[in-house]
There are 2 protein chains.
Amino acid sequence: MTVTIKDIAKQAGVSITTVSRAMNGYRDIHPETRKRVLQIAEEMNYRPSGIARSLVMKQSKTIGLIISEMTRSRTGHHFLFDVISGVNDRAMALGYDLILATTSPDEQHMVPYMELCHRRQLDGVILSGVRTKDPYLQEVLDSAIPCVLIDVPLLGKTCSHITLDNRKGAQQAVEYLIRSGHRRIGFINGHREAFVSEERLLGYQHAMEEAGLKGEWVFYGDFDDASGREGVCHLLEKDPDLTAFFCASDLMAVGAMRELEGMGKKVPQDVSVIGFDDIDLAHYVTPMLSTVHQPRYRFGTQAVDVIVGMLEGEQGKSVVLEPELLIREST
Amino acid sequence: MTVTIKDIAKQAGVSITTVSRAMNGYRDIHPETRKRVLQIAEEMNYRPSGIARSLVMKQSKTIGLIISEMTRSRTGHHFLFDVISGVNDRAMALGYDLILATTSPDEQHMVPYMELCHRRQLDGVILSGVRTKDPYLQEVLDSAIPCVLIDVPLLGKTCSHITLDNRKGAQQAVEYLIRSGHRRIGFINGHREAFVSEERLLGYQHAMEEAGLKGEWVFYGDFDDASGREGVCHLLEKDPDLTAFFCASDLMAVGAMRELEGMGKKVPQDVSVIGFDDIDLAHYVTPMLSTVHQPRYRFGTQAVDVIVGMLEGEQGKSVVLEPELLIREST
DNA sequence: TTGTACGCGTTATCAC
DNA sequence: GTGATAACGCGTACAA
């Protein structure tokens with residue numbers, strides 16, 4: 001038997017209205033009464049029902065974190081955990097509960113999405129892992145419920161996004177390689193459906209052009225280590241004289257290093273490798289991987305802040321975090 | 001304006017009762033009517049409110065995943081992500097929503113715990129990261145709501161747990177080292193407040209005794225790589241002739257390897273190292289780490305299954321998963 | 001300062 | 001087969 005305000009009311013000899021007022025800290029109530037009510041509530045071990053409250057208040061104090069392809073891609077692991085962690089911490093701190101959900105790209109016809117939103121009356125939603133041309137992105141935009149996209153640059157009245165300055169990050173990495181004397185630099189990118197891939201490519205190209213370097217050695221992988229290996233093979237085949245690789249993920253960078261080792265090339269003596277993300281792995285591998293750091297945890301906390309901002313009437317906005325180039329042993 | 005069954009009722013010219021029946025697939029309703037109602041619902045883009053439903057049904061179709069010290073310990077990362085992933089997938093598949101929450105050991109006087117349970121009317125709860133002597137464990141046990149503990153061997157009417165056969169896992173690892181000819185084997189354990197630590201110690205001791213080995217070289221760390229390094233120093237100081245280390249986590253094992261390298265010892269030529277967990281990192285480091293595999297994802301899926309089982313009236317039970325020794329390059 | 005009464009969106013129990 | 005109507009637990013005009 002869960003105890004409700006009605007029980008408390010009876011016990012305290014007042015009406016439920018009074019109990020409700022006491023609980024919610026209204027001032028137009030006799031201090032004596034409030035004290036008594038509060039004490040009785042305490043004694044009876046009363047716990048308010050968020051469910052009932054949501055129903056009448058029309059807001060659930062809940063935000064949803066929807067992740068695309070969470071399980072499928074081993075890749076996401078390192079990135080996602082910190083994002084989840086950040087979202088969770090910030091949401092809790094602000095008094096929101098967090099509902100976690102996932103979609104596969106196939107079934108994400110917005111059906112499960114909108115359904116979840118209404119079913120749980122989500123106050124706001126954070127989307128991660130969405131591909132640029134996901135069919136239901138438009139629906140998200142049209143929807144009235146505030147949402148923030150991670151790494152997808154959509155903007156709307158109730159739609160914000162948060163991302164890293166990927167172009168700048170890539171540019172810094174490549175510029176560093178160039179300053180280190182490299183001229184023939186391969187770029188192992190992520191898949192084409194990721195917005196970040198476009199941006200990182202732009203950064204790569206820009207840095208190369210600025211330095212007056214002509215060639216363009218680009219391979220499209222899938223962010224995982226296997227495609228890092230592929231990338232090395234593929235690019236080296238096109239040009240055996242490459243002396244450096246910039247990879248769009250640490251996992252691909254590690255794969256690249258392993259492949260290079262297998263081919264008898266030393267990192268960083270013979271060829272330099274630089275990654276992207278700065279996952280834990282980056283400083284556990286040998287040689288320790290130079291990389292572009294992403295403040296993943298902050299992606300999460302900021303996402304929540306942006307949502308709450310929109311809940312308070314702010315327009316959708318664009319948050320761009322700063323990358324940070326970390327030089328370790330692989331360059 | 002969210003559309004409710006009332007709107008549909010009006011539109012269809014029937015009562016809300018009929019609508020409700022149509023939606024929930026009752027049979028005592030005219031096929032024609034049901035069809036019409038369903039179609040109108042579809043047209044109006046109706047989404048049922050789980051909130052309202054929960055209120056009257058007294059069950060929310062929601063399970064909570066409560067993680068202790070999620071952010072604080074970098075250690076948990078690799079273990080937790082897969083657990084979360086498993087819980088999420090299985091919960092979704094079974095029609096449950098997942099609420100994620102965290103506690104710090106300081107403030108976990110059950111207040112936030114029980115509060116969350118009632119606030120969201122959780123049908124069941126999964127706890128991870130709890131330390132053996134957390135004060136509020138008892139409360140969890142007493143509570144009427146079904147819960148399953150991960151890696152804490154409590155049992156009750158509505159309380160199950162799920163864990164690995166840690167003793168066997170440790171034993172297998174140490175036995176392997178012994179079979180490989182090692183006699184002086186150090187054990188770098190996790191902290192004392194973890195149940196798994198006790199079990200792994202037992203496994204280590206058992207294997208040593210079985211082989212008639214007398215010495216016992218044990219160090220208590222904290223599961224992270226830093227304490228792996230410490231462990232090596234500490235134990236080697238006590239006995240410079242140790243030729244192998246069994247570590248209660250992969251992270252500690254990696255730390256141990258790094259420390260050994262720093263001391264000029266080759267792994268595995270001079271000394272063998274074996275870890276526990278089988279996190280991704282294990283096969284990215286050089287040399288690739290031999291370790292005891294934990295089916296983390298299954299921890300998650302099983303946990304959900306157990307909860308649902310209890311929801312259907314089953315008693316609390318104990319699920320023990322099988323470890324698997326993975327031999328790679330560090331031994 | 002306090003109480004009455006209504007509504008939030010559903011399901012369930014009755015009648016009809 | 002279908003429709004009132006009463007819950008579910010809470011917030012809140014409006015009265016008193």
Side-chain angles (χ1 to χ4, degrees), chain A residues 1-38 40-41 44-62 97 114-123, chain B residues 1-38 40-41 44-62 95 97 115-123:
Chain A
M1 270 294 109
T2 70
V3 24
T4 77
I5 50 172
K6 198 185 286 182
D7 301 318
I8 301 185
K10 197 175 301 174
Q11 189 73 21
V14 296
S15 75
I16 61 168
T17 310
T18 304
V19 176
S20 177
R21 285 206 180 91
M23 303 299 301
N24 298 334
Y26 277 50
R27 330 128 101 261
D28 58 346
I29 186 177
H30 196 93
E32 279 299 312
T33 321
R34 114 127 28 74
K35 196 176 156 193
R36 190 156 45 88
V37 169
L38 253 36
I40 292 186
M44 298 183 72
N45 198 23
Y46 167 74
R47 302 279 173 234
S49 156
I51 301 280
R53 185 178 281 161
S54 300
L55 191 57
V56 50
M57 303 278 272
K58 284 169 160 312
Q59 55 152 335
S60 59
K61 274 291 185 180
T62 306
D97 284 329
M114 291 306 282
E115 202 173 279
L116 178 63
C117 291
H118 282 91
R119 179 156 36 98
R120 311 300 307 218
Q121 294 245 295
L122 299 184
D123 292 341
Chain B
M1 269 295 112
T2 70
V3 23
T4 76
I5 49 171
K6 197 185 286 181
D7 301 318
I8 301 186
K10 198 175 301 174
Q11 190 73 20
V14 296
S15 77
I16 59 171
T17 309
T18 304
V19 177
S20 179
R21 284 206 181 94
M23 303 300 300
N24 298 333
Y26 278 51
R27 330 132 100 262
D28 58 345
I29 185 177
H30 196 90
E32 280 299 310
T33 321
R34 118 128 24 77
K35 197 176 158 194
R36 191 156 45 88
V37 168
L38 253 36
I40 292 187
M44 298 183 73
N45 198 20
Y46 166 74
R47 302 279 172 236
S49 158
I51 302 280
R53 185 178 281 163
S54 300
L55 190 57
V56 51
M57 303 275 274
K58 282 169 163 311
Q59 54 151 333
S60 59
K61 274 291 187 178
T62 307
D97 284 330
E115 204 174 277
L116 178 64
C117 291
H118 282 91
R119 180 156 36 97
R120 310 302 306 219
Q121 295 244 294
L122 298 185
D123 293 340

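Chain naming here is simple, since letters A, B, ... match the order of the sequence lines and numbering starts at 1 in each.
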* Is B:R53 near enough to C:dT11 that one of its side-chain N or O atoms lies under 4.0 angstrom from OP1 or OP2? -> yes

* Are OP1 or OP2 of D:dG3 and a side-chain N or O of B:T18 less than 4.0 angstrom apart? -> yes

* Asked: Does OP1 or OP2 of C:dT2 have a side-chain N or O of A:T33 closer than 4.0 Å?
  -> yes

* Please check the phosphate of C:dG7 (OP1 and OP2 only) for any side-chain N or O of B:K6 closer than 4.0 Å. => no

* Quiz item: A:R47 side-chain donor-acceptor pair to D:dG9 base, under 3.5 Å -> no

* To do: Decide yes or no, distance alone: a donor-acceptor N/O pair under 3.5 angstrom between the base of D:dG1 and the side-chain of B:R27.
  => no

* **Test log, rule side chain to side chain contact (heavy atoms under 4.5 Å, CB included), inputs B:I51 and A:Q121** => CA-CA 7 Å; B:I51 302 280; A:Q121 294 245 295; 3.6 Å; yes

* **Nearest to side-chain heavy atoms of B:S15, which nucleotide of D:dC10, D:dG11, D:dA4** => D:dA4

* To do: Check whether any side-chain N or O of B:K58 sits under 4.0 Å from OP1 or OP2 of D:dG9, and answer yes or no.
  => yes

* Between B:V14 and A:I5, name the one whose nearest nucleotide on DNA chain D is closer to the 5' end. => B:V14

* Within the structure, does a side-chain N or O atom of A:Y26 lie under 4.0 Å from either OP1 or OP2 of D:dT12? -> yes

* Does A:T17 place a side-chain N or O at less than 4.0 Å from the phosphate oxygens OP1/OP2 of D:dT12? -> no

* Distance-only, no hydrogens or angles: does the B:S20 side chain make a donor-acceptor pair with backbone N or O of B:I16 under 3.5 Å? -> no

